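A quick note: this is a predicted structure, and the numbers were derived from the prediction, not measured. Counting convention: from 1, in listed order, for ligands and their atoms alike.
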Amino acid sequence: MQITPPSLVDRVPPNYYVERVLSVRHWTDSLFSFQCTRNGAFRFEAGQFTMIGLMSNGKPLVRAYSVVSAPYEEQLEFLSIKVENGPLTSQLQHIKPGDSILIGKRPVGTLVIGNLEPGGTLWLLGTGTGLAPFMSILRTPDVYERFDRIILSHTVRTVGELAYHDELRALHKHELLGEIIGDKLIYHPAVTREPYPVNERITTMISSGRVFRDLGVPELNPSRDRVMLCGSEAMNHDCKTLLEERGFTEGNSGERGTFLLEKAFVTK
Ligand code: A2P
């Protein structure tokens, strides 16, 4: 596969911005994130995704990626897995500062707080790269104004995959957000395939009640809780079943609900 050099960006279709990579962070040998420049005209809501990628053989090779950065931030940030033979990520994992990247001009997605009934406790249940849209939401002040408490559950296979762990632990001390976050944010990381204090799937911990006991909060109830799900198809399906059994209703961009769901994009 041949990557088109930046000098040929005039072949990029008009529905993409061409941005410049600013920094890259490799969390593990299968997970990385990067920041790039942001066109001033690119507007999105916390929780949305857009198509991103590279020019390959004269055509855009793109996949859906949730934006990690907050809407007010000057740069864009994304989180990606690396798949050895994945058409896009086998190339994307080698990007370095200065490289060109395509950013789709039209962000979309259901995981925006306006699609939820307001108030109460907001549970953000993410596995793997399903954390990405929640990072954008948690870096944005609106969520702390709209909900009394926010609980982030992030489950991964290995400790190294707990991306943004240190930032999340310190978010309540953030110079801009700290005051508004106060004690509203609870971060609950779990690791299922290596030793870790919390080492069960979120579905197991909801069914057994462990997560509620550990955090000292009441059991999930649609009268006071809101939930966003972002994980693999299996995780989304299993969590959705648990929520519907408890009377939660799914919202979308047309109708508010007590839970929302988006699949974590497995980008190959
Ligand atoms: P496990 O290690 O028990 O499979 P994946 O990389 O496969 O998407 O998994 C990311 C995390 O999500 C892992 O900790 C995994 O646990 C967990 N997970 C996978 N499938 C489900 C599911 N159906 N319900 C809840 N958690 C899941």
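At a cut-off of 3.5 Å, with distance as the only test, no side-chain donor of Glu194 or Thr158 sits close to an acceptor on the other residue.
Taking the ring centroids of Trp123 and Phe212, they lie under the 6.0 Å cut-off. No close placement of the His154 and Tyr187 rings is indicated, their centers lying 6.0 Å or farther apart.
With a 4.5 Å cut-off on side-chain heavy atoms, Ser136 and Val68 do not count as touching.
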Identify all pairs of nitrogen or oxygen atoms, one from ligand 1 and one from the protein, separated by less than 3.5 Å, and list them with distances.
residue  : atom   : partner : partner atom : Å
ligand 1 : 2 (O)  : Thr192  : OG1          : 2.6
ligand 1 : 2 (O)  : Arg193  : NE           : 2.7
ligand 1 : 2 (O)  : Arg193  : NH2          : 3.4
ligand 1 : 3 (O)  : Arg201  : NE           : 2.8
ligand 1 : 3 (O)  : Arg201  : NH2          : 3.4
ligand 1 : 4 (O)  : Arg193  : NH2          : 2.9
ligand 1 : 4 (O)  : Arg201  : NH2          : 2.8
ligand 1 : 6 (O)  : Arg157  : NE           : 3.1
ligand 1 : 7 (O)  : Arg157  : NH2          : 2.9
ligand 1 : 14 (O) : Val156  : O            : 3.1
ligand 1 : 14 (O) : Thr192  : OG1          : 2.6
ligand 1 : 16 (O) : Thr192  : OG1          : 3.3
ligand 1 : 16 (O) : Arg201  : NE           : 3.4
ligand 1 : 23 (N) : Ala234  : O            : 3.3
ligand 1 : 23 (N) : Met235  : N            : 3.4
ligand 1 : 23 (N) : Asp238  : OD2          : 2.9

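Between Phe32 and His26, the ring-plane angle classifies as parallel under the 30° and 60° cut-offs.
In this structure, Gly104 and Thr50 approach most closely via the heavy-atom pair O-OG1, 2.9 Å.
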